[in-house]
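See below for the structure under consideration.
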Amino acid sequence: MKTRSQTGPKPLKTVALAPRPSSPKRRLRPKPSGKGDPRAPKKPPTAFFYFLEDFRKTYKQENPSAKTMREIGKACGEKWKTMTFEERVKYYDIATEKRAEFEKAVVEYNKKKDSGEMSEESDVDYN
DNA sequence: CGTGTGATTGTTGAT
DNA sequence: ATCAACAATCACACG
């Protein structure tokens with residue numbers, strides 16, 4: 001948290017890493033110009049991400065020289081589609097549980113706000 | 001030195 | 001119903 005304005009936004013995208021046949025800039029991330037809630041529950045990883053977590057380990061073992069997620073991501077996505085529903089269901093189940101927990105966290109998060117942490121910057125821990 | 005970018009799909013909120 | 005944004009992660013580029 002610091003130097004965000006100091007460093008300034010870097011819209012410079014050096015694509016020298018990987019050639020993009022077509023750059024479908026899918027989603028740009030507009031920076032929250034407003035404020036971010038420090039205790040706002042973030043979205044839980046999707047089933048795909050859990051698969052990634054497991055896949056990364058395997059990929060690293062077979063390819064210790066694995067560069068980064070970008071390469072793994074593609075490999076994962078390709079394999080993910082080849083996986084049968086039964087195999088994917090395993091990860092869906094995990095994600096589903098996490099989502100339930102996530103929703104619960106949101107409720108508590110709202111409670112804290114109701115507690116009195118509405119807009120004062122007091123660093124009091126209500127834990 | 002710090003941070004933004006890119007790539008993957010799934011989930012969710014908003015309109 | 002449909003779009004857009006964000007979730008983890010890591011090498012690399014830029015100021």
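Throughout, a chain's letter reflects where its sequence line sits, starting with A, and its residues are numbered from 1. Computed from a prediction, not measured in an experiment: that's the story for all the values here. Just so you know, these numbers use all the heavy atoms, side chains as well, and skip hydrogens, waters and symmetry mates.
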* Look at the side-chain N and O atoms of A:K43 and state whether any lies under 4.0 Å from the OP1 or OP2 oxygen of C:dA5. => no

* Side chain of A:R56 - closest among B:dG10, C:dA7, C:dC10 -> C:dC10

* Asked: Any idea which of B:dT11, B:dT8, C:dT9 is nearest the A:K74 side chain?
  -> B:dT8

Nearest-Å distance, [atom1] ([X]) to [atom2] ([N])?
X: A:K90; N: B:dG10; atom1: NZ; atom2: C1'; value: 17 Å
X: A:E78; N: B:dT8; atom1: CD; atom2: P; value: 11 Å
X: A:D54; N: B:dT8; atom1: CG; atom2: P; value: 20 Å
X: A:M83; N: B:dT9; atom1: CE; atom2: P; value: 13 Å
X: A:Y91; N: B:dG10; atom1: OH; atom2: P; value: 13 Å
X: A:E71; N: B:dT9; atom1: CD; atom2: P; value: 15 Å
X: A:Y50; N: B:dT9; atom1: OH; atom2: P; value: 19 Å
X: A:K42; N: B:dG13; atom1: NZ; atom2: P; value: 17 Å

* Name the nucleic acid region contacted by A:F51, choosing base, sugar-phosphate or nothing; use a 4.0 angstrom heavy-atom cut-off, strictly under. => nothing

* Asked: Would you say A:E87's side chain and A:T84's backbone share a donor-acceptor pair under 3.5 angstrom?
  -> yes

* Hey, is A:F49 stacking on B:dG10? Ring centres under 5.5 Å, planes under 30°. -> no

* To do: For residues A:F102 and A:K42, determine if any side-chain heavy atom of one lies less than 4.5 Å from a side-chain heavy atom of the other.
  => no

* Do A:Y50 and A:Y91 make the cut of ring centroids closer than 6.0 angstrom? -> no

* Asked: Hey, what do you get for OH (A:Y59) to NZ (A:K79), rounding to the nearest 0.5 Å?
  -> 12.0 Å

